Amino acid sequence: MSVPPQAFVNKNKKHFLGIPAPLGYVAGVGRGATGFTTRSDIGPARDANDVSDDRHAPPAAKRKKTEEEDDDEDLNDSNYDEFSGYSGSLFSKDPYDKDDAEADAIYESIDKRMDEKRKEYREKRLKEDLERYRQERPKIQQQFSDLKRELKMVSEDEWAAIPEVGDARNRKQRNPRAEKFTPLPDSVLSRNLGGESSSTIDPSSGLASMMPGVMTPGMLTPSGDLDLRKIGQARNTLMTVKLSQVSDSVSGQTVVDPKGYLTDLQSMIPTYGGDINDIKKARLLLKSVRETNPNHPPAWIASARLEEVTGKIQSARNLIMKGCEVNPSSEELWLEAARLQPPDTARAVIAHAARNLPHSVRVWVKAAELEQEPKAKRRVYRKALEHIPNSVRLWKAAVELENPEDARILLSRAVECCPTSVELWLALARLETYENARKVLNKARENIPTDRQIWVTAAKLEEAQGNTHMVEKIIDRAITSLSANGVEINREHWFKEAMEAEKSGAVHTCQAIIRSVIGHGIEPEDQKHTWMEDADACANEGAYECARAVYGYALSVFPSKKSIWLRAAYLEKQHGTRATLEALLQRAVAHCPKSEVLWLMGAKSKWLAGDVRAARQILSLAFQANPNSEEIWLAAVKLESENKEYDRARRLLEKARASAPTPRVMIKSAKLEWALNKLDVALNLLSEAITIFGDYAKLHMMKGQIEEQMGRDSDAHNTYTQGLKKCATSVPMWILLSRLEEKLKHITKARSVLEKARLRNQKNAELWLESVRLEQRAGCVEAAGSLLAKALQECPTAGRLWALAVFMEPRPQRKTKSVDALKKCEHDAHVLLAVSQLFWTERKLNKCREWFNRTVKIDPDLGDAWAYFYKFELLHGNEQQQEDVKNRCKAAEPHHGENWCKVSKDIANWCYNTEQILLLVAKNLPVPT
């Protein structure tokens, strides 16, 4: 097919050619041309949805021809484009079938695929264009960033010397003076009227008016001077006359209080602030409801409350009383009427209500509430009980007003009238003697055989009398009886009863309940897990006796389970006494003699109590049960060294090295000699240990530290180097070697050591932290900042790095950095500690104390947090707060933290306890700035 020559000429074809004009288009309107409009332009004067008739319908043949013309394609050469062809579709007449849909889907997938291939290039190019645009047209903030940074160099004097911005307005605009209006005193008016000027107005001036002393033509006006003072006196006299007119001529007492007259007027203003039309509509609607159905009490109540809201309290009272007349049997109406009436009238209203509704409990209760004297209240309740003897609410209210003896008599009658009320039976039992209480509870069980509280109260009664052997029997009989009467034994409800019994002091009842219901409905394979959860729940609620009972029952079923013994021991350690803990541990080691932890806990308890001899006996028994146990050997050594029996400790270590030579035994042996300043002996022991346990990093580190202490830095360097060949993953040894290089003034070597360590130990926050601090100590602040940025990229969740980053920022940016740190490490103790210090620097003491508490709660083993907390309380707290922090720290026994370990691991402080270490660390800590 040959292309028409016009196609090559018409390359810039307008896009709107061949497209029908839009709806409402008029040629020339855009350039201001105007013309006339005919009916054919605006269409027929009919709605588009109207059904057309034959007069307006075009001829059928003509419509057919028009449709054919619309269907014909415009194949003119002027409608042809070289790339896209004709503007219309050549195949628009053909139907759209499955093949067309499949072809369209294929083309769409190809377009999508091509778009994905170009997507990366397109996004990259867009990013480059955006960066280039930002470089060419930077933000205002970026343009002045260098000037902002230079502001930190401005001194206070220079800052104060900056002149204030002047005000360019003129003086009148700067200091506008408000117009002053001074009232003219009466004396001036009276003087001018009476003396210098005429006291009358010229009638011919047209200003004559109805005023005293002014003549007006055609009217009789009294003449005289205008005395303003007399006008005021006359006004007061008129008010007095009006007030006297409303006085009561019979009694001589005024109905209106002259002093409170205006106050009463103010109180009469309605408080409702809505539209008055809404009130009228509501009033009319409620009136219609009342007239349509006068026996509907809510309509009367709503009407009265509407009047009350609008301030017409008397209308409300009249309406509600009329409603009570129409509906004398409505309890709600009488109660509403009593509420709206004043107290004296309310008593009369409620008395009328009681006559109409003698069996309404709420009416009698309201009548008692309206009485002021207790004697009158008792009289009302007794009258009410004559009409309603089976009301538990009335009996309870009446009993509360009586003394114990009268209350007991009333309750005796109450349980006869209300035999199914558990509360009344229990209240009577509490007021009776022991023998009578037993009889009362037995009767209560006969009347209410399905209630557990009666059985629990009986058990408490027996326990209070010292009959503990009866408690278990009563609870067992309760379970049996309730089950026989079809009551479901709910473990949760019974556990709550046990906790309540413990709170009331009935420990045996509590334990008996636990023992009776703990195994109810539990499969054998779920027993241990369920019981441990029960014990934890009881301990969390503060019911420690319940938890002990759960552990006791669990241990009776699983006597050889070490985990249960440990949980029970920890409970006694935290909430029990030393005697109960030691008794439990004695039973524990009898059932689990191979458990070293239980032996050690018993020995430590004796040692803390000062009974060293008993601790040695426990450890000797532990040796018999666990020969050659490393833990027991080391515990015995610690016991002797803590009590300064160094020779016995040495002998024990010699025996341990002979029978059970382990790396920990060798370390303890060398540490003892090191602490006693026997450095050569310690070095020999470590050399011997390294030959046997060469891959144990602590041996190399201890040897190097001792050599550093002796001044043999080259030997220490050699020791660290040899150790790293065997223990390349030991981070502390890499740090020790870098610090030795730094100590020898070899900063470059120290850097290389840490770089090599980071290569061997990827993503290690400790090595990055040491590298940053090395640069800080060397004075290379910029290098430290860049290293820290790399460290945070490699270890984005390292709390110690974020804590350091917060304080490396300038003071204004620290808060923003701390927010970023909390987002990355929300529950990291080091970040929380940094935030606490940040509040400290800002002098926000309460927030600082709150964040310190969060920190030590999240990680109680972090000694640095305790030390900073104690330092803060020393400076800003009282003695009670200081002691509280110290005691909590002693209970937590922390072992970690950079500053903490510097003191605790110093060989000179090897005998220090937690409190001594805390005091020493807090003393050396700097105040954060």
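None of these values were measured; they are calculated from a predicted model.
Ion pairing between E371 and K377 fails under the 4.0 Å rule for side-chain N and carboxylate O. Ion pairing between E850 and K847 fails under the 4.0 Å rule for side-chain N and carboxylate O. Between R578 and E572, no side-chain nitrogen of the basic residue sits less than 4.0 Å from a carboxylate oxygen of the acidic one, so the salt-bridge criterion is not met. A salt bridge is absent between E308 and R305; no separation between the charged side-chain nitrogens and carboxylate oxygens falls under 4.0 Å.
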* Go through the steps to decide whether L918 and W900 satisfy the test side-chain contact (heavy atoms from CB on, under 4.5 Å), and finish with yes or no. => CA-CA 8 Å; L918 175 66; W900 186 272; 4.1 Å; yes
* Asked: Yes or no on salt bridge (Lys or Arg N to Asp or Glu O under 4.0 Å) for E873 and K886, after CA distance, side-chain angles and deciding distance?
  -> CA-CA 10 Å; E873 295 296 355; K886 188 190 295 182; over 6 Å; no
* Where do I564 and Y551 land on the side-chain contact (heavy atoms from CB on, under 4.5 Å) test, with the steps shown first? -> CA-CA 7 Å; I564 303 178; Y551 282 132; 4.2 Å; yes
* I would like to know whether K824 and T797 meet side-chain contact (heavy atoms from CB on, under 4.5 Å); could you show each step before the answer? => CA-CA 6 Å; K824 292 287 185 180; T797 58; 5.5 Å; no
* **Verdict with supporting geometry, F869 and T855, side-chain contact (heavy atoms from CB on, under 4.5 Å)** => CA-CA 9 Å; F869 196 3; T855 307; over 6 Å; no
* Asked: Does the pair S516 and D476 meet the rule for a side chain to side chain donor-acceptor pair (under 3.5 Å), with working shown?
  -> CA-CA 7 Å; S516 298; D476 290 341; 3.0 Å; yes
* **Worked check of salt bridge (Lys or Arg N to Asp or Glu O under 4.0 Å) between K460 and E463** => CA-CA 5 Å; K460 291 179 183 178; E463 183 177 355; over 6 Å; no
* To do: Would you check, one step at a time, whether the test salt bridge (Lys or Arg N to Asp or Glu O under 4.0 Å) holds for E462 with K473?
  => CA-CA 11 Å; E462 296 296 339; K473 295 180 181 178; over 6 Å; no
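Counting only distance, with no hydrogens or angles, the side chain of N490 and the backbone of E492 share a donor-acceptor pair below 3.5 Å. Judged purely by atom type and a 3.5 angstrom limit, T530 has no side-chain atom pairing as donor or acceptor with the backbone of Q527. Using modelled atom types, one side-chain atom of W565 and one backbone atom of P559 make a donor-acceptor pair closer than 3.5 Å. No side-chain donor-acceptor contact under 3.5 Å links N467 to the backbone of H469. Side chain of N626 to main chain of P593: a donor-acceptor pair is present (N/O by atom type, distance under 3.5 Å, no hydrogens or angles). Without hydrogens or angle criteria, K594 side chain to A625 main chain gives a donor-acceptor distance under 3.5 Å. Side chain of Q881 to main chain of N878: a donor-acceptor pair is present (N/O by atom type, distance under 3.5 Å, no hydrogens or angles). Not one N or O on the side chain of N327 forms a donor-acceptor pair closer than 3.5 Å with the backbone of S330. N442 places a side-chain N or O within 3.5 Å of a backbone atom of R438 that can act as its donor or acceptor partner.
More than 12 non-hydrogen atoms from other residues, nucleotides or ligands lie less than 6.0 angstrom from CD of E369. Heavy atoms from other residues, nucleotides or ligands lying under 6.0 Å from NE2 of H876 number more than 12. At most 12 heavy atoms of other shown residues, nucleotides or ligands fall within 6.0 angstrom of atom CD in Q880. Summarising the local packing, NE2 of H575 is surrounded by more than 12 heavy atoms from other residues, nucleotides or ligands at distances under 6.0 Å. Within a 6.0 Å radius of CG in D526, other residues, nucleotides and ligands contribute more than 12 heavy atoms. A 6.0 Å sphere centred on CD of E386 holds more than 12 heavy atoms belonging to other residues, nucleotides or ligands. Around CZ of R491, the count of heavy atoms belonging to other residues, nucleotides or ligands within 6.0 Å exceeds 12.
Taking the ring centroids of W364 and H387, they lie under the 6.0 Å cut-off. Aromatic rings of H352 and W334 (six-membered ring for Trp) have centroids within the 6.0 Å cut-off, being under it. Ring centers of F852 and Y868: at least 6.0 Å apart, outside the cut-off.
Across every non-hydrogen atom of A922 and A867, the tightest pair is CB-O, 3.9 Å. Closest non-hydrogen pair, A398 versus Y381, comes out as CB-CB, 3.9 Å. Nearest heavy atoms, A458 versus I474: O-CD1, 3.9 Å. The nearest pair of heavy atoms linking K528 to S563 is NZ-OG, 3.1 Å. The two residues V471 and A459 make their nearest non-hydrogen contact at CG2-O, 3.7 Å. Contact detail for M499 and A543: the closest heavy-atom pair is CG-CB, 3.8 Å.
A 4.5 Å side-chain heavy-atom check between L598 and C592 finds at least one atom pair inside the cut-off. The side-chain heavy atoms of M601 and K604, taken from C-beta on, include no pair separated by under 4.5 Å. Within the 4.5 Å cutoff, no side-chain heavy atoms of L482 are placed close to those of E488. You'll find the side chain of L862 stays beyond 4.5 Å of the side chain of P894, heavy atoms only. For the pair L822 and L832, the minimum side-chain heavy-atom distance is below 4.5 Å. Between I479 and W494 the shortest side-chain heavy-atom distance falls below 4.5 Å. Inter-residue side-chain proximity for L581 and T577 is flagged as unmet; no heavy-atom pair is nearer than 4.5 Å. Side-chain contact between K857 and N853 is absent, with no heavy-atom pair separated by less than 4.5 Å.
Here the straight-line distance linking atom CD1 of I320 with atom CG of L335 works out to 10.0 Å at 0.5 Å rounding. Taken to the nearest 0.5 Å, the CD1 atom of I858 stands 11.5 Å off from the CG atom of L833. Atom CD of E826 is separated from atom CG of D828 by 11.0 Å, given to the nearest 0.5 angstrom. Remark: I917 CD1 to H895 NE2 distance equals 8.0 Å, nearest 0.5 Å. With rounding to the nearest 0.5 Å, the separation of CD in E497 from OG1 in T457 is 8.0 Å. For the atom pair N913 CG and K890 NZ, the distance stands at 7.5 Å (nearest 0.5 Å).
The side-chain tip of R854 points at the ring of W851 from less than 6.0 angstrom away and within 45° of straight on.
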